[in-house]
**Q** 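Have a look at the structure that comes next, please.
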Amino acid sequence: DLPVEAIIFLLEHLQPDLDEPERQNAAMSFARAVFGKKVMLPQVYSFADRLSEVLVQNQSDHIRNNSRAAYLQFISSYPLGQTRLDRHLASLAANFRYASSSGRLSAMEMVRLLLEKVRVDQLESAFIQFYEARPSAIAGCSSISGSIQAIAWFMPMASVGWSCWC
């Protein structure tokens with residue numbers, strides 16, 4: 001086990017590496033190890049916040065995929081109060097309007113993963129944000145295939161069974 005000071009140092013210094021393809025794997029591996037140990041430090045939450053940006057903003061599919069996996073690990077296993085969880089979910093819903101279609105689709109995929117992994121009652125308060133973001137996500141697509149992907153992504157949400165869908 002690393003001393004807390006070393007974990008803090010590494011989290012702070014590895015955060016910029018999330019954008020660098022040749023160094024991203026080391027940063028992501030370390031973060032996932034820290035997440036697995038459920039280390040409770042403000043720097044862990046800060047690192048997760050940065051992951052939520054990278055999973056939308058990075059141009060590399062590989063980095064977005066790895067960021068989603070690590071972010072999912074954090075969201076589904078860390079103790080988050082409802083307010084903090086709502087803030088994370090609101091950020092994902094806001095990214096349904098992200099300028100890049102790959103970023104929008106990555107945010108949608110992150111929400112889909114959360115729907116599979118996190119208890120429905122934890123997501124219910126944020127569901128209306130996802131529902132209201134649908135037109136922006138679909139309208140923001142510059143291609144027919146992107147629009148079809150966005151529409152197809154929202155279809156399974158109808159089967160979740162939340163009363164606010166109707």
**Q** Just wondering, do S52 and V56 contact through their side chains at under 4.5 Å, heavy atoms?
**A**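 They are not in contact (no side-chain heavy atoms under 4.5 Å apart), so the answer is no.
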**Q** Taking all non-hydrogen atoms of both residues into account, name the closest pair between E20 and P16 and its distance.
**A**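 Taking every non-hydrogen atom into account, CG-O, 4.1 Å.
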**Q** Whether the side chain of S29 engages the backbone of A26 through a donor-acceptor N/O pair (distance < 3.5 Å, no angle test) should be reported.
**A**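 Absent.
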**Q** For residues M40 and P79, report the shortest heavy-atom separation together with the two atoms involved.
**A** CE-CG, 3.6 Å
**Q** For a quick test of reading the model, state the closest non-hydrogen atom pair linking L72 to S76 and the distance between them.
**A**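 Shortest heavy-atom separation between L72 and S76 comes out as O-OG, 2.7 Å.
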**Q** Determine the minimum heavy-atom distance between R68 and S106, stating which atoms define it.
**A**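 Taking every non-hydrogen atom into account, NH1-OG, 2.7 Å.
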**Q** With a 4.5 Å heavy-atom cut-off, do L105 and E109 have their side chains touching?
**A**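 Answer no - side chains too far apart.
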**Q** Does the side chain of V44 come within less than 4.5 Å of F74's, by heavy atoms?
**A**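 They are in contact (side-chain heavy atoms under 4.5 Å apart), so the answer is yes.
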**Q** Test your reading of the model: is there a side-chain donor-acceptor pair from R64 to the backbone of N58, 3.5 Å cut-off?
**A** yes
**Q** Between H88 and D49, is there a side-chain heavy-atom distance shorter than 4.5 Å?
**A**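 Side chain of D49 against side chain of H88, heavy atoms only: contact under 4.5 Å found.
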**Q** Report yes if the side chains of F30 and D17 come closer than 4.5 Å at any heavy-atom pair, otherwise no.
**A** no
**Q** Hey, could you give me the CG/CG distance between L80 and D86, rounded to the nearest 0.5 Å?
**A**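 Taking CG in L80 and CG in D86, the distance rounds to 10.5 Å.
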**Q** Going by side-chain hydrogen bond (donor to acceptor under 3.5 Å, both in side chains), D19 matches just one of Q59, Q24, R50. Which one?
**A**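 That would be R50.
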**Q** What pair of heavy atoms forms the shortest contact from M110 to Y71, and how long is it?
**A** SD-CD2, 3.6 Å
**Q** Once you round to the nearest 0.5 Å, how far does CD of E53 lie from OG of S91?
**A** 7.5 Å
**Q** For a side chain to side chain contact (heavy atoms under 4.5 Å, CB included) with F47, tell me which candidate from L18, L10, V34 qualifies.
**A** L18
**Q** Would you indicate whether the side-chain heavy atoms of M28 and L51 approach each other to under 4.5 Å?
**A** yes
**Q** Does Y78 have its ring centroid less than 6.0 Å away from the ring centroid of Y45?
**A** yes
**Q** Can you tell me how far apart CD1 (I8) and CG (L41) are? Round to the nearest 0.5 Å.
**A** 5.0 Å
**Q** State, yes or no, whether a side-chain contact exists between N65 and H62 at a heavy-atom distance under 4.5 Å.
**A**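 No, every pair of side-chain atoms sits at 4.5 Å or beyond.
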**Q** Are L92 and L114 close enough that some pair of their side-chain heavy atoms sits under 4.5 Å apart?
**A**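 When only atoms from C-beta onward are counted, L114 and L92 do touch, with a gap below 4.5 Å.
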**Q** Under the 3.5 angstrom rule, does the side chain of S67 hit a backbone N or O of I63 as a donor-acceptor pair?
**A**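 Checking the backbone N and O of I63 against the side chain of S67, a donor-acceptor pair under 3.5 Å is found.
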**Q** Is there a donor-acceptor pair under 3.5 Å between the side chain of Q73 and the backbone N or O of R32?
**A** yes
**Q** Closer than 3.5 angstrom, by distance alone: can the side chain of S46 be matched with the main-chain N or O of P42 as a donor-acceptor pair?
**A**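 Looks like no, no N/O pair under 3.5 Å.
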